[in-house]
Amino acid sequence: MIIPKPSKIQESKEKLIQGQNFYIETLGCQMNFSDTEIIHALLKEEGMIPVKKAEQAEWIFLNTCSIRDKAEQTARNKILNYQTLKRRKKSKLSIGVLGCMAERLKKQFLEEEKIIDLVVGPDAYKSLPELMERADQGNKVVNTLLSREETYDDILPIRYQTNGVSAFISIMRGCDNMCSFCVVPFTRGRERSRSPYSILREMSILYEEGYREVTLLGQNVDSYLWSDKENNKSRVLNYTDLQDRIPFAQLLNMIAQKYPSMRIRFSTSHPKDITQDVLYAMKYNPNIARHIHLPVQSGSTTVLSRMKRGYTREEYLDKIYDIRKILGDSCAISSDIMTGFCGETQKEHQDTIDIMKEVKYDHAYMFTYSERPGTLAQRKYKDDITQEIKKQRLQEIIQLQQEHAKERNLLERNTIQNILIEGDSKRSAQEWQGRNTGNKMVVFPKDKTHKLKPGDIIKVRITDCTSATLKGEWVEKE
């Protein structure tokens with residue numbers, strides 16, 4: 001295993017990787033997809049050529065996720081498939097593992113299993129071209145060093161898989177919340193916020209390219225806090241009125257007011273950190289989407305304590321009350337719900353059922369607890385809930401959530417909503433699909449008398465729904 005240092009092996013201007021084809025497959029969360037856009041930009045800058053099929057590539061990268069064991073098993077299966085392709089191909093093929101799984105399992109990949117050529121963690125993508133040069137010379141290389149400073153704010157991502165309407169902007173990296181079940185702080189490092197100047201610069205470019213919706217990304221966006229230590233406020237866009245410290249609520253206000261015709265989303269919020277200032281920014285800026293993803297994980301205070309979440313059941317419900325009071329009942333709320341955490345009793349499970357009944361989420365990501373090596377939960381607690389019980393509890397949660405989603409969607413019937421057209425419906429080219437401000441998918445027939453296109457915001461009357469989708473009819477172009 002080699003941890004590379006600056007090298008003079010390649011002194012010519014033309015690099016070995018220049019002109020080579022590369023293919024990237026991305027697994028996991030939106031942050032991973034955002035990272036892949038950065039990687040595309042870095043490799044294209046080196047003269048490499050992206051291809052749409054792995055069979056066409058000389059370099060295959062898998063951008064991985066470690067959040068649950070299932071995600072890691074999916075990645076392993078992908079790697080084995082690429083290994084089969086590597087043996088079949090007559091020309092040279094190199095395989096690299098990127099992202100969270102790369103950081104966590106670098107030793108197994110390079111020293112024990114010996115199934116890949118390169119391992120690069122989330123904070124080391126700028127070293128990728130040099131590592132590839134060394135790998136092309138027959139070395140096995142790795143760089144999974146975590147950074148307290150890297151935000152990639154000097155790189156303009158390439159939107160390689162996009163509908164041309166919606167895009168993601170990463171505003172921060174890492175996480176300081178040491179939840180006992182989570183590997184993210186170990187795979188992505190400590191929190192650091194990106195300069196608002198670079199965020200606004202990227203927003204400007206997206207606007208000029210025709211994008212009409214942007215999601216601001218962070219493991220915990222409410223922790224965003226940028227400080228201009230150099231007090232140099234005239235570097236970009238002439239924002240001379242910026243304060244030395246910019247929290248998330250102010251960033252939201254700045255972006256929303258600078259780009260009033262763009263819809264602004266953000267994810268993910270943390271129940272212990274979301275503030276009323278953020279809610280008022282949403283209230284007074286109509287282009288900030290009326291949707292908050294607020295993971296509860298469990299409705300039991302005792303389970304939340306074992307999870308090290310930093311809030312109680314009552315404190316979580318206080319935040320829900322604030323949302324409903326300031327933004328009204330029409331603001332969509334989604335959540336993450338975990339069942340079967342270490343020691344979870346039937347009563348604690350029932351607490352989760354009860355909080356679901358009280359909040360009635362519009363949408364939820366639901367899953368069973370998966371023990372992750374190296375976490376506090378793995379070291380301190382026993383994963384003592386059987387798979388049978390986990391599955392039973394998860395099915396109860398899923399069934400209840402489907403009922404609540406349908407109930408919430410039924411409230412939207414006969415309302416007229418602004419829908420941002422994303423493209424053709426997945427089921428029929430005769431229908432459009434787009435999202436409302438609550439991040440719900442809306443499907444409606446195309447109107448042949450009007451030339452609508454993706455990126456248009458139009459008025460749609462909601463006529464029907466399922467638990468997952470709203471159905472409507474075109475009213476008029478906005």
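A quick note: this is a predicted structure, and the numbers were derived from the prediction, not measured.
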* **Between Asp153 and Ser195: side-chain donor-acceptor atoms closer than 3.5 Å** => no
* side-chain hydrogen bond (donor to acceptor under 3.5 Å, both in side chains) evaluation trace for Asn32 with Thr26 -> CA-CA 7 Å; Asn32 269 16; Thr26 308; over 6 Å; no
* Would you mind checking if Lys44 and Glu37 are paired as a salt bridge, meaning a charged N to carboxylate O distance below 4.0 Å? => no
* Within the side chain of Thr352, is there an N or O that forms a donor-acceptor pair under 3.5 Å with the backbone of Ser298? -> no
* Asked: Can a donor-acceptor pair be found between the side chains of His293 and Asp336 at a distance below 3.5 Å?
  -> yes
* To do: Describe, in one word, how the ring planes of His363 and Tyr365 are oriented to each other, choosing from parallel (under 30°), tilted (30 to 60°) and perpendicular (over 60°).
  => perpendicular
* Side-chain contact, heavy-atom cut-off 4.5 Å: Leu118 with Leu128? -> yes
* **Carboxylate-amine/guanidinium proximity below 4.0 Å for Glu72 and Arg372** => yes
* Verdict with supporting geometry, Phe181 and Leu376, side chain to side chain contact (heavy atoms under 4.5 Å, CB included) -> CA-CA 7 Å; Phe181 57 82; Leu376 177 63; over 6 Å; no
* **Asn436 side chain to Asn439 backbone, donor-acceptor under 3.5 Å** => yes
* State whether Glu412 and Lys440 are salt-bridged, where the test is any N-O pair (Lys NZ or Arg NE/NH1/NH2 against Asp/Glu carboxylate O) under 4.0 Å. => yes
* Got a salt bridge between Lys86 and Asp117, using NZ or NE/NH1/NH2 to carboxylate O under 4.0 Å? -> yes
* To do: Could you check if a side-chain atom of Ile255 sits within less than 4.5 angstrom of a side-chain atom of Ile199, using non-hydrogen atoms only?
  => yes
* Asked: To the nearest 0.5 Å, how far apart are CZ in Phe61 and OG1 in Thr36?
  -> 11.0 Å
* To do: Evaluate ring pair (Phe, Tyr, Trp, His ring centres under 6.0 Å) for Phe22 paired with His40, printing each intermediate quantity in order.
  => CA-CA 9 Å; Phe22 72 94; His40 263 258; 5.0 Å; yes
* To do: Indicate yes or no: does Asp35 engage Arg173 in a salt bridge with an N to O separation below 4.0 Å.
  => yes
* Donor-acceptor pair, side chain of Ser335 and main chain of Val296, under 3.5 angstrom -> yes
* Asked: Going by an N to O cut-off under 4.0 Å, is there a salt bridge joining Arg190 and Asp123?
  -> no
* Evaluate the criterion side-chain hydrogen bond (donor to acceptor under 3.5 Å, both in side chains) for residue pair Gln219 and His270; output intermediate values, then yes/no. => CA-CA 9 Å; Gln219 303 297 146; His270 196 291; over 6 Å; no
* To do: May I ask you to check whether Asp136 and Gln20 show a side-chain donor-acceptor distance below 3.5 Å?
  => yes
* Between Lys92 and Glu58, is there a salt bridge with N-O shorter than 4.0 Å? -> no
* For Tyr82 and Glu25, does a side-chain donor sit closer than 3.5 Å to a side-chain acceptor? -> yes
* Structure fact -> Contacts of Arg212 meeting side chain to side chain contact (heavy atoms under 4.5 Å, CB included) (sequence neighbours excluded), chain-then-number -> Tyr207, Leu420
* Asp424 side chain to Trp432 backbone, donor-acceptor under 3.5 Å -> no
* **Lys78 NZ: over 12 foreign heavy atoms closer than 6.0 Å** => no
* Asked: Under 6.0 Å from the CD atom of Glu45, do we count more than 12 heavy atoms belonging to anything else shown?
  -> no
* Using salt bridge (Lys or Arg N to Asp or Glu O under 4.0 Å) as the criterion, list what pairs up with Glu431, not counting sequence neighbours. => none
* Check the side chains of Ser425 and Gln433 for a donor-acceptor pair under 3.5 angstrom, ignoring hydrogens and angles. => no
* Does the distance from a Lys or Arg side-chain N to an Asp or Glu carboxylate O, for Arg192 and Glu150, drop under 4.0 Å? -> no
* Does the distance from a Lys or Arg side-chain N to an Asp or Glu carboxylate O, for Glu344 and Arg393, drop under 4.0 Å? -> yes
* Asked: Is Asn21 close to Trp59 at the side-chain level, that is, under 4.5 Å between some pair of heavy atoms?
  -> no
* Do Asp362 and Ser334 get their side chains close enough for a donor-acceptor pair, meaning under 3.5 Å? -> no
